[in-house]
Participant: 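Quick one: the structure is below, and I'll ask about it shortly.
A, B, ... follow the sequence lines: proteins, then strands. Residue 1 opens every chain. Treat the numbers as computed from the prediction; the structure is a model and nothing was measured.
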Number of protein chains: 2
Amino acid sequence: MTTETEPARRPLNRSRVVQAAVAIADREGVDALTMRKLAGELGYEVMSLYNHVANKDDLLDAMVDAVAAEIDIPSADNPWKTAVRSIAMSAHDVLLRHSWASALWSSRWPGPARLRHMESILVALERAGLPAGAVDMGFHAITMHVQGFTLQKLSFGLAANLDESAARFLREVPADDYPRLTGHVHYHLAGSSQPGAFGFVLDLILDGLAPA
Amino acid sequence: MTTETEPARRPLNRSRVVQAAVAIADREGVDALTMRKLAGELGYEVMSLYNHVANKDDLLDAMVDAVAAEIDIPSADNPWKTAVRSIAMSAHDVLLRHSWASALWSSRWPGPARLRHMESILVALERAGLPAGAVDMGFHAITMHVQGFTLQKLSFGLAANLDESAARFLREVPADDYPRLTGHVHYHLAGSSQPGAFGFVLDLILDGLAPA
DNA sequence: ACCTGAACACCGTTCAAGT
DNA sequence: ACCTGAACACCGTTCAAGT
């Protein structure tokens, strides 16, 4: 019976494997991503994956690069500060969307999309006409800001989970021992936390690099 | 034969377990840390560990807190900027010493030592007499800076491995496609990378928070 | 209270075999 | 060229048994 009711499987390829892996990590976290589950979700056996991916390490590298590909690259006719700002904002957004990616970001070898992303930051900074070495230091300041800030936001349970995390904190941590920290959590709970904190500190860095 | 030549085993306890785990992670990376290896190194069987640690998750939390305990807390009679600066510098040093810790930092629930560390930053910032909300935002700016910068330094192979990482980069990444990135790597290779970049950007943030 | 051995339900990956 | 099943060497952890 070759003409069965079962739907014809779409053929597997590298980008379908990577895409499905990203979807699982987005949905359940990167720890829940196993080769067996990934294969099952695609409708194949585990070992089929190894025709399109060298191993799990290779898969993780590819996933990070797929995320990097989502980051905008501004056109060259914007003023340099606008360009750097838009790259940083876009990277921040993308990393928040894929909450597992920030943690892998620094430990994975960069693929083509991430190389293009890094290059675009350097290109924009170079247009600022900074003194020697300032471009290189600015590069680190910017990328560090994006990664550090994103990690920080994610660490305390983003948006939906913020109330839950804060409640757990206030329940488990004695306010008498850590009064300011308790106050800081209340600041977040009150919803008064600056939505523009990311951009504010970013501007501190940009203005520091090229004082008016 | 109770009086054998074999050395009497020192009794196990939580802090010995955590300390040994930190030593393994420092030496071989956190991925190489398995419960079996940890037990073996201490001279016990695997399941003995579970008398002192709830599970591996608990162990990792405890390891991060052991690292946090190494960070200096300045006395209250320093000027606030000096205090914040010394906390940040010390945290940066400590995280560089335990190269696996930065990656866990944000995802682990804080223990007492890390709570004290966070509290100390808030205490120092509060002495600056900043406008409302600035303390809370400054707190994030500082901790983000420390974590982001440390991760960044570690990601490109610290000190000893920098030449190796750079060489691999120049070998694998075509200079024609990424000219500025290639230039940036040469900047690092030339040893001209600012040793004080961490402090420089930190001062940008501090000065931005409290303009003179 | 602390330590141990066997066992269980998982992992990623190798290898030989199919089409 | 791509897919599969069985097998291997690992994991963390449960459980019952020892002292």
Side-chain angles (χ1 to χ4, degrees), chain A residues 1-4 6-25 27-66 100 103-104 107-109, chain B residues 1-4 6-25 27-66 100 103-104 107-109:
Chain A
M1 301 300 131
T2 56
T3 55
E4 268 295 355
E6 64 201 7
R9 292 190 304 186
R10 287 164 57 209
L12 224 46
N13 58 52
R14 182 171 236 260
S15 89
R16 278 196 67 211
V17 169
V18 173
Q19 207 176 325
V22 168
I24 292 176
R27 193 179 352 110
E28 309 174 39
V30 76
D31 285 342
L33 174 68
T34 69
M35 299 302 272
R36 282 169 168 88
K37 163 177 278 184
L38 176 57
E41 208 140 302
L42 286 161
Y44 285 82
E45 300 302 318
V46 205
M47 292 314 301
S48 303
L49 301 174
Y50 288 82
N51 288 304
H52 308 97
V53 135
N55 48 38
K56 194 172 184 182
D57 225 56
D58 181 34
L59 174 63
L60 289 170
D61 281 345
M63 289 168 67
V64 168
D65 214 52
W100 48 273
L104 295 183
S107 60
R108 294 280 136 195
W109 192 257
Chain B
M1 299 302 132
T2 57
T3 55
E4 267 296 355
E6 63 201 10
R9 291 191 303 186
R10 286 164 56 208
L12 224 46
N13 58 51
R14 183 170 235 261
S15 89
R16 278 196 67 210
V17 169
V18 174
Q19 207 176 324
V22 168
I24 292 175
R27 194 180 350 111
E28 307 174 40
V30 77
D31 284 343
L33 174 68
T34 70
M35 299 302 271
R36 282 169 166 89
K37 164 178 275 185
L38 175 56
E41 208 141 299
L42 286 160
Y44 284 82
E45 300 301 318
V46 204
M47 292 315 300
S48 303
L49 300 174
Y50 288 82
N51 288 303
H52 307 97
V53 135
N55 47 39
K56 194 172 183 182
D57 224 56
D58 181 34
L59 174 63
L60 289 170
D61 281 344
M63 289 168 67
V64 168
D65 214 52
W100 48 275
L104 295 182
S107 59
R108 294 280 136 194
W109 192 258

Participant: Between C1' on D:dC11 and CG on B:Leu38, what's the gap in Å once rounded to a whole number?
Facilitator: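 It works out to 14 Å between those atoms.
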Participant: Test A:Asn51 against A:Leu12 for side chain to side chain contact (heavy atoms under 4.5 Å, CB included), laying out the working first.
Facilitator: CA-CA 9 Å; A:Asn51 288 304; A:Leu12 224 46; over 6 Å; no
Participant: Looking at C:dT4, I'd like to know if its phosphate oxygens (OP1 or OP2) sit under 4.0 Å from a side-chain N or O belonging to B:Ser48.
Facilitator: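 Looking at the OP1 and OP2 atoms of C:dT4, one of them is under 4.0 Å from a side-chain N or O of B:Ser48.
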Participant: Is the CD atom of A:Glu28 crowded by more than 12 outside heavy atoms at less than 6.0 Å?
Facilitator: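 Atom CD in A:Glu28 is packed in, count exceeds 12.
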Participant: Side chain of A:Thr34 only, please: which of D:dT13, C:dG12, C:dT4 is the nearest?
Facilitator: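 Nearest to the side-chain atoms of A:Thr34, counting from C-beta on, is C:dG12.
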Participant: 5'-most contact on DNA chain C: B:Pro11 or A:Ala54, nearest heavy atom basis?
Facilitator: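 Result: B:Pro11.
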Participant: Would A:Arg108 and A:Asp57 pass as an ion pair if we require N to O under 4.0 Å?
Facilitator: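 Judged by the 4.0 Å cut-off on N to carboxylate O distance, A:Arg108 and A:Asp57 do form a salt bridge.
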Participant: Per the side-chain contact (heavy atoms from CB on, under 4.5 Å) rule, which among A:Leu104, A:Leu33, A:Asp58 passes with A:Met63?
Facilitator: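 Only one of A:Leu104, A:Leu33, A:Asp58 forms a side-chain contact (heavy atoms from CB on, under 4.5 Å) with A:Met63, namely A:Leu33.
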Participant: From CD of B:Glu45 over to P of C:dA6, roughly how many Å is that when rounded to an integer?
Facilitator: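 Roughly 10 Å, once rounded to whole Å.
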Participant: Quickly work out the B:Asn51 CG to D:dA17 C1' distance and round it to whole Å.
Facilitator: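 Computing the B:Asn51:CG to D:dA17:C1' distance gives 14 Å.
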Participant: So, is A:His52 close to the D:dC3 phosphate, meaning a side-chain N or O under 4.0 Å from OP1 or OP2?
Facilitator: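 So the side-chain polar atoms of A:His52 do come within 4.0 Å of the phosphate oxygens OP1 or OP2 of D:dC3, strictly under.
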Participant: Now, which nucleotide makes the Watson-Crick or G-U wobble pair with D:dC8, with each of the two distances under 3.5 Å?
Facilitator: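 Result: C:dG12.
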Participant: Once you round it to whole Å, what is the distance between C1' of C:dG12 and CG of B:Asp31?
Facilitator: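 Distance, rounded to whole Å: 13 Å.
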Participant: For A:Arg36 and for A:Gly43, find the nucleotide of DNA chain D with the closest heavy atom, then tell me which residue's nucleotide is more 5'.
Facilitator: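 The answer here is A:Gly43.
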Participant: Please report the distance, rounded to the nearest Å, between CG in B:Leu59 and P in D:dC11.
Facilitator: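 For the pair B:Leu59 CG and D:dC11 P, the rounded distance is 15 Å.
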Participant: Heavy atoms from C-beta onward define the side chain here; which of C:dT4, C:dC11, C:dT13 lies closest to that of B:Met47?
Facilitator: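 My answer, after comparing the listed nucleotides, is C:dT4.
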Participant: Write down the distance between OH (A:Tyr44) and C1' (D:dA1), rounded to a whole number of angstrom.
Facilitator: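 Distance, rounded to whole Å: 13 Å.
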Participant: Using atom CG of B:Asn13 as one end and atom P of C:dA1 as the other, report the distance to the nearest whole Å.
Facilitator: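 Whole-Å distance recorded here is 16 Å.
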Participant: Side-chain N or O of A:Tyr50 versus OP1/OP2 of C:dT13: is the shortest distance under 4.0 Å?
Facilitator: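 Yes, within the criterion.
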Participant: Under a 3.5 Å limit for both distances, which nucleotide forms a Watson-Crick or G-U wobble pair with D:dC2, could you say?
Facilitator: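 Base-paired to C:dG18.
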Participant: Checking side-chain contact (heavy atoms from CB on, under 4.5 Å) against B:Leu49, which of B:Lys56, B:Met35, B:Arg14 comes through?
Facilitator: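 Result: among B:Lys56, B:Met35, B:Arg14, B:Met35 is the only option passing the side-chain contact (heavy atoms from CB on, under 4.5 Å) with B:Leu49.
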Participant: Specify the separation, in whole Å, of atom NZ of A:Lys56 and atom C1' of C:dC11.
Facilitator: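 After rounding, the reported distance stands at 8 Å.
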